[in-house]
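See below for the structure under consideration.
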2 protein chains.
Amino acid sequence: MSNEKPGLPRGTRDFSPEVMVKRSYIIDHIKKIFERYGFLPLETPALENLSVLTGKYGEEGDQLLFKILNSGNYLDGITREDLNTTNSRSLAFKITEKGLRYDLTVPFARFVVMNQNDIAFPFKRYQVQPVWRADRPQKGRYREFYQCDADVVGTNSLICEAEIILMVQEVFKALGIEGYTLKISSRKILDGLTEVLGIPDRTVEFFTLLDKLDKIGKEKLLAEFSKAGFTDGFISSIGPILHPSSGTESTLKQLADVLSVSDKGMEGIHDIRKTLAYCQQLGVNFSNLQLDPALARGLSYYTGIIFEVKVRQVIIGSIGGGGRYDNLTGVFGLPGISGVGFSFGIDRIYDVMDELSLFPSRQERSTQLLIANFGHEAEEFALGIITRFRNAGINTEVYPDNEKIKKQLNYANKKQIPYVLFIGAEELKAGKFPLKDMISGNQELLTIDEALQKLQLRG
Amino acid sequence: MSNEKPGLPRGTRDFSPEVMVKRSYIIDHIKKIFERYGFLPLETPALENLSVLTGKYGEEGDQLLFKILNSGNYLDGITREDLNTTNSRSLAFKITEKGLRYDLTVPFARFVVMNQNDIAFPFKRYQVQPVWRADRPQKGRYREFYQCDADVVGTNSLICEAEIILMVQEVFKALGIEGYTLKISSRKILDGLTEVLGIPDRTVEFFTLLDKLDKIGKEKLLAEFSKAGFTDGFISSIGPILHPSSGTESTLKQLADVLSVSDKGMEGIHDIRKTLAYCQQLGVNFSNLQLDPALARGLSYYTGIIFEVKVRQVIIGSIGGGGRYDNLTGVFGLPGISGVGFSFGIDRIYDVMDELSLFPSRQERSTQLLIANFGHEAEEFALGIITRFRNAGINTEVYPDNEKIKKQLNYANKKQIPYVLFIGAEELKAGKFPLKDMISGNQELLTIDEALQKLQLRG
């Protein structure tokens, strides 16, 4: 036992009650809306076999996996030679078998493969759980953080894309986030473009550069393309992507001109048209929906329609994104499962809402009433009535000790409890009790019934 | 990339949507009631420094900690000599720094110490998160499982004990679990007894044997005491513990006779009396509350009042328990923080509710309505009306593909969706649509407004 000051591992956080009630506000709303759209919760374990995780996130990802030392005598069967290699990577394979979940997609794919005979396809699941990455921690980047995904797999229907767009809008509406742009495109547009331009072998480079657009702007991006040896012809050909027309329809026409010889590219245009038609039928709000043919979503596994959400009032990366992928489970030997999903960035949504003061001052999960404690007689009365408040749906506590009033009020203030009820000897005789509004400072003399009614009306 | 069949690490589980909606039913109810009583959520990271975890759970516990291999070149700075010891335990200290949370209590204590200046004491927090133990997996014992704790620290008031008893009863009432016994005692009773009997050095042995009572019964337990060399005088002295009188008051008198010379023991009796008096004032249901002076709660850190809940209709261990501890944070250099807590056994509560069929057939989180898909025209109509159902609070989905009706109904059945709405060409003309009740098999011809009203009334 050490008496040292305890600390947290780098890149991890505690979520205090104050933060938790606000995080729960976000997550509760998202879950409820997921469920309105027929998505059901799934949870997978934090521990996965390394054989499931390794090779799914590229070489860099493999190095960012947290590995669990085998339990018991993990050196059993390790030869002196193994140890003397002092090659940490090869030894790691021998002394670890399990790792921590790196994202929610690979465990989801594993679940689908293991339960393919029991699942009712199309399978709509959501998952809100932490993931772990041994990344270098920095502002806004953590080693343990939540992901919040909804996916539907086992259908190619673009109704799913349209429903996800509406669902995303519903989430932000429920959270009070306005002034955002939901960008949409299709990976097939960019794939078609690399086909047309004859650079299929430079796709990775092309996507990596394109992803810089948001950071460096169009002019600098063109210069970078030039520097990377892309021809002038190429650069003028990607014009419709970097400088799309103002209207969706005319942008699509512009793209169709460039992509007419690419089946893939034309398929992308068709998908976008059809998705937007479904959106129209569903009543999607088109004012914050924007076709952005330069959208790439990095080197991810997307193959069809892709989405990304950015807020305009706060400088922060995207607060959500997703898209369609062709082959979720192929890596586990089950080909042909296509799906489409969306992932909300909980941490960034929290920061946006905090900065724009969008959290309601009264949080449903917080305590609404503190009954102050002035000794034996008051205590007995308080315990006799407290259940009435709780049964009326009012989160209520009684201060457990007969402390100075200042200390009890300080407790209420620190815990942001909006009302305090005082029960003193005189009040007990009169049957009327002061109810203090901790925000305005006002105090009213009320019977218990009146106090109950007042707090209930408020809730 | 391997094409092997993926699997789960031993002792871990996926929670499928079907299980998740039922688990959420339990956890949502518990959280809501915790909040009614003024407890607020806290979350701590899964990763903790091993310096925080080690030495807190006994030597056995230390061996059950999952350790995370340091990232990067973890062999850096490890000498050839270190490696050649082939002593896995000593090497582990050098190549691991972090471990997985083993319970929720130690991280809670760490949080309190690190945030002692910001916390409003008494601090009431709840925490529902997974923990990990490298135990040998067996039926009902997992390597990754949830704990669900509520604690109040920073006060000695026995009001907290009484409120926890009422809160526990409220949880089981809300879940529909009847026929349980909430046992209560004080560790001071047993401590007083070891004092009176002059066996303070044999406390561990005494507690370990006493914990077997439930498994082996009174007769066999007495034989075991005898075998362990406890004297006949001792055995007759523990009579009041093993054979308490029928009424609480007379049991307490019986105990007072034995414990009269022990301050500690008499304090225990006083605590129980005072707690029960508070319970009376709060309106606790005494019919399922039982004073059990043989209650020990193992070798845990409890020092005052202790609780345990057992169901009578199902043979399973306790489904919850807790108690008061003197010194939560002393191990981290902050003495004098007393508290009391309770922990619900989510897995066992789930098993009990499943066995007794206590889960409601209609789960709030599940989908209530499927709109079947019969092609273009129906699709367009469906997308035009689906938001009305969702806005009315009805979890609704549209089948995304125009598949055979049998396949769509099979989907609804597998997902336990209670209603299916059919939109066909003829129905579109007539404006009336068949709504099929998937449980009774009945079908009604309704307008959209009527269908909406019917499903809303049901919700």
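Given the structure is predicted, the values throughout are model-derived calculations rather than measurements. Numbered from 1 within each chain, the chains take letters A, B, ... in sequence-line order.
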Which region of B:L100, side chain (C-beta onward) or backbone (N, CA, C, O), has a non-hydrogen atom less than 4.5 Å from a non-hydrogen atom of chain A, or is it both or neither?
side chain

Between B:D14 and B:S16 (side chain of the first, backbone of the second, donor and acceptor by atom type, cut-off under 3.5 Å), is there such a pair?
no

Find the one option among B:K414, B:E35, B:M20 whose heavy-atom pairs under 4.5 Å with chain A are most numerous.
B:E35

Answer with side chain, backbone, both or neither: which region of B:T155 has an atom nearer than 4.5 Å to a non-hydrogen atom of chain A?
both

Examine A:R143 relative to A:F66 and say whether NZ or CZ is less than 6.0 Å from the centre of the six-membered ring and inside a 45° cone about the ring axis.
no

N-O pairing of B:K98 and A:E144 below 4.0 Å:
no

What option among B:C160, B:G384, B:A92, B:P130 has the most heavy-atom pairs under 4.5 Å with chain A?
B:A92

When the 4.5 angstrom heavy-atom criterion is applied to B:L383 and chain A, the contacting part is both

When A:Y146, A:F381, A:F39 are compared by non-hydrogen pairs under 4.5 Å with chain B, the top option
A:Y146

Most contacts with chain B, counted as non-hydrogen pairs under 4.5 angstrom, among A:Q368, A:R110, A:Q280:
A:R110

Got a donor-acceptor contact below 3.5 angstrom from the B:R101 side chain to the B:E48 backbone?
no

Do you know which of A:R36, A:R13, A:Q281 has the most heavy-atom pairs under 4.5 Å to chain B?
A:R36

Side chain of A:D135, backbone of A:L64: donor and acceptor closer than 3.5 Å?
no

Assess whether a salt bridge exists between B:E163 and A:R390, defined as any Lys/Arg side-chain N lying under 4.0 Å from an Asp/Glu carboxylate O.
yes

Counting heavy-atom pairs under 4.5 Å to chain B, which of A:G283, A:P9, A:G393 comes out on top?
A:P9

With distance as the sole test, does B:T329 use its side chain to make a donor-acceptor pair with the main-chain N or O of B:V113 at under 3.5 Å?
no

Counting only non-hydrogen atoms closer than 4.5 Å, does B:A46 touch chain A with its backbone (N, CA, C, O), its side chain (CB onward), both, or neither?
both

Heavy-atom pair count under 4.5 Å with chain A, highest-scoring of B:N49, B:L69, B:L40:
B:N49

Under the salt bridge (charged side-chain N to carboxylate O under 4.0 Å, His left out) rule, what pairs show up with a residue in residues 393-402 of chain B, not counting sequence neighbours?
A:K124-B:E397, B:E397-B:K415

Begin from the C-alpha positions of A:I78 and A:L91 and carry the test side-chain contact (heavy atoms from CB on, under 4.5 Å) through to its verdict.
CA-CA 9 Å; A:I78 305 288; A:L91 182 61; 4.1 Å; yes

Is the backbone N or O of A:S366 less than 3.5 Å from a side-chain atom of A:N395, with the two atoms forming a donor-acceptor pair by type?
yes

Quick one: what part of B:I68 sits under 4.5 Å from any heavy atom of chain A, side chain, backbone, both or neither?
both

Turns out that what part of B:F389 lies under 4.5 Å from chain A's heavy atoms comes down to neither

Given B:I33, B:L42, B:V19, B:T367, the one with more heavy-atom pairs under 4.5 angstrom with chain A than any other is B:L42

Between B:R23, B:R365, B:E403, B:K32, which shows the greatest number of heavy-atom pairs under 4.5 Å with chain A?
B:R365

Could you tell me which portion of B:I394 (side chain, backbone, both or neither) has an atom closer than 4.5 angstrom to a non-hydrogen atom of chain A?
backbone

Tell me which of these, A:D118, A:L166, A:N410, has more heavy-atom pairs under 4.5 Å with chain B than the rest.
A:D118

Heaviest contributor of heavy-atom pairs below 4.5 Å to chain B, chosen from A:Y399, A:F15, A:Y411, A:Y37, is A:Y37

Is B:K407 close to chain A through its backbone or its side chain, or both, or neither, when contacts mean heavy atoms under 4.5 Å?
neither

In terms of heavy-atom proximity below 4.5 Å to chain A, should B:T96 be classed as side chain, backbone, both, or neither?
side chain

Most chain A-contacting option - heavy-atom pairs closer than 4.5 Å, from B:Y142, B:W132, B:F34
B:W132

